[in-house]
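The basis for the numbers below is simple: all heavy atoms, side chains too, and nothing from hydrogens, waters or symmetry mates. Only a predicted model underlies this, so the values are computations on that prediction, with no experimental measurement involved.
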Amino acid sequence: MISLTINGQTLEVPEGSTVLQAVNTLGITIPTLCYHKDLTPYGGCRLCVVEVEGARLPMTSCTLPVSPGLVVRTETDTVIRYRRAILRLLFTNYYDAAYTRTDGKFDLDYESELAHWAEVYDIDIRSHMAKQPRYPVDSDPNPFVWVDMNKCIQCTRCVRACAEVQGRFVWSQSFRGYQARIVAGADTTMLQARCESCGACVAYCPTGALNNKTSVSAGRADRMVQTTCAYCGVGCQFDLNIKDDVPGGRVLRVTSHTNGGRPAVNGMHLCVKGRYGYEFIHDERRLTRPRVRKYLLDGLDRPKDRGKWVDVDWPTALDIAAKGLLKVHQEHGGQAIGVLASGKCLNEENYLLNKLVRQVLGSNHIDCGSHAHFSSVVDGLEETVGLTAMSNSFDDIAQQARSLLVIGSNLTEQHPVFGARLRQAILRRKLKMIVASPDFVNIAEYAALPLYHRPSTEAALVKGLMHIILEKGWADENVIAQHQLGFAGFKAALDAYTPARVSEMTGLSEDALYQAAEILASNRPTAVIWSVGLADPVTGRDSVRSLANLQMLLGNLDVSGGGVNPLRSQNNIQGACDVGALPGMLPGYQKVSDADARRKFEQAWGVSLPGEAGLDAARMLAAAGRGEIKALYIINDDIVGAADNGIGTRRSLEACELIVLQEILPSDTTRYADVLLPGVSFAEKSGTFTSAERRIQMVNQAIQPVGQARPDWQIVVDLAQHILAANGRRLEQADFAAWNYADTAQIMAEIAALAPIYAGVSHERLANGERLQWPVESPEHPGTPLLHSGAFSRGVIKWAPVEQV
Amino acid sequence: MYQIVSAISEGRGTPESLNELQILGQDMELLSNCGLGQTASTAVRDILKHFRAEVEQHIYDRICPAGVCKIPPLAPAELSANAQLHEENIQ
């Protein structure tokens, strides 16, 4: 600790901190423009100057390290005069047409730190700014970033943000003297300079020189609502900017969440999807009224093309849906109804769907819609480590891993914020990355060793690596000693995967295989990361099992910076699985075949539950094609559009007697629906999402539902009540038998009571900013960032059988 | 600074310009990051130190004694008004 004096106050700060950081701990504000806490200090704008006793010149506090006995004054008359001089100088090359308006309104419609400090230091921007612009406004064709270099003060925050946050190095400084300016690439357009349009430069720009093109003239927001992004499994936090000029409010734009200082997974970073992909919320094609096919209203038989849509009110639509489902139930039993839950919906909604299927319909035919195609990404994990989730956290991998094996994942496009984070880890910590993929993926640019193998040979590749590791004696002896059970068979099975044979299968050279094995063996811990690239219906499961085996072999499974890390595709597919939207699992991964688990839910819901696992999504669709499943209830999933087997899926849906679809936008699947219930987007409801790293995060309602659309959980509740009423069925008295919920917090309380891994989760804790990663065993439990810590000693992890190909 | 000096050489200088140049020069020396910035204003400040009269002639009399700057001539009435201003400033 170093002791120094600031404005007469003596304080102690850690060695290596800057004067600015020390000053901030006292709650004193120093004006800054080029400084940002996320970026390397630059000292270019000079606005943060302070007087330092004994120094010849005023010093910039953002770059001055503390030293013992330093005497600093931050607010003397001289310092203030300096800051005003600096601001005046900055404005000589600044031009904003907003200040030339003749109507006397000079309120900027964007956030500008520069304008803020000008106001604080009483600088009249109009009289000090340049007399005419030097650059064209909106000078770059990038579809998302709006560039006006007239407002640039060359603080280089955009340059540093692009380099230090996104790792893309688009912006740089160029030219000299009066001509000096910020350019993209070699003074070309941003996209030519390989911009990924993440908007980090916009988020960090303090003057409005870089702005969001999609909302540049939309004006300022009336309020901000922090929420969780609904695109991928990273679970970024951001602020929805809301304008209340229409009833219910509307979303103006998305901005990085800056205040509050809660540790979010993404900091201020977002990707192009999260920052700019919000326009669907107010898309004019949004489904705003419930619809049913005309034949249902008329009581006729279904025409081949299902006939015309008719807009109806909610009671009619729910009644038709409930009676239709009930009819199938009465004629063919609960086994003839399938429910496809959604990885895009809230945990609470998926829980209700699971309750609807198991309690009201009496079957286990529930699965996530996307599992029709991608379930093998995690299935293999269940057989080895037991839990189908990322074992480590994003920050743990970025901070602790010494090498990475990225396989079957286009990381920087599928999970861009995590991809960018790993780029930084590679740049700063020099960790070694192996990227295995059939074709070039962007992250391979950063790879120490890219492996371009033949498609669907991932499993063979990993087995080949294990063979080499055993051959060279690089395996973790402790793990093998503790885990003799099944090891001999495992080892023998690998004998067939000699480097020569694997080389032949994968198309990689033997040399590359040895190199890869050596990188993994000599840079432990290794984090293995994969994504939907491994979702091969034939080899996917085997690939995932092999990766788990590899991590065991290297001793990386239960350590910080290691682990098995499937990056889930949809934002809440993890949460949907957690809360029971799986054919074989009750909420909290309690098997339906487990009589004790079943008894718990039977008592809670007041019904008896079937002990046989239901059909998964792919089998459900196949069964529908065969006419065994008569009705489908699909929530928020375009299973036709997402299908790699489009024709098969279409045929299955065509064969269904009744399809109730809950959606927000028309899709390829809506064509096959009989009843269409308009749900809402993530901006219109409150609840929780669970990100790929098992982190449960709040989704906060920002605007009222569009049109007559209703939050999905309310629709599910109403549908359940309609089915029960139409059946004249009365549920037995039990703690959680009823279907009356005031809000999603109440549903989460029910989940917490029934699913041990969510036992300590509540909306209240999440709203307080707690970082909760399941298992959260009690209201006091802090969550579990590292899933399998100590798992080996408990002996719960086992060697998976090695399939011979 | 460049803008002010350009204005003076084109005959658009004002009596306040000189003071402004002086202050700007000092601030630049104190607040610049490196030696180049700290000394960038030296030329202008030295002109003011050694040749202030000539610069003032640019402003008040609208002539360039060295014959380098091209200044449009001023009407006699404005000239005499400037002369009076100069007197006041000196006093």
For B:Gln3 and A:Thr92, the nearest pair of non-hydrogen atoms, with its separation, is NE2-O, 3.9 Å

Give a yes or no on whether B:Lys70 atom NZ has more than 12 heavy-atom contacts from other residues, nucleotides or ligands under 6.0 Å away. no

Between A:Ile86, A:Leu57, A:Thr60, the one whose heavy-atom pairs under 4.5 Å with chain B are most numerous: A:Leu57

Atom CG of B:Asn33 and atom OG1 of A:Thr63: how far apart are they, to the nearest 0.5 Å? 7.0 Å

Below 4.5 Å, heavy atoms only, C-beta onward: do A:Leu89 and B:Leu24 meet side chain to side chain? yes

Would you find more than 12 non-hydrogen atoms of other residues, nucleotides or ligands less than 6.0 Å from B:Glu54 atom CD? yes

Counting only heavy atoms from other residues, nucleotides and ligands, does the tally under 6.0 Å from CZ of B:Phe51 exceed 12? no

Which heavy atom of B:Leu31 sits nearest a heavy atom of A:Pro58, and at what distance? CD2-CG, 3.6 Å

Under the side chain to side chain contact (heavy atoms under 4.5 Å, CB included) rule, what do A:Arg46 and B:Leu30 come out as? Steps first, then yes or no, please. CA-CA 11 Å; A:Arg46 323 296 295 168; B:Leu30 285 169; over 6 Å; no

Interchain contact, B:Asp27 with chain A, by part (heavy-atom threshold 4.5 Å): side chain

For B:Gln26, does the CD atom sit with more than 12 other heavy atoms under 6.0 Å from it, leaving out its own atoms? yes

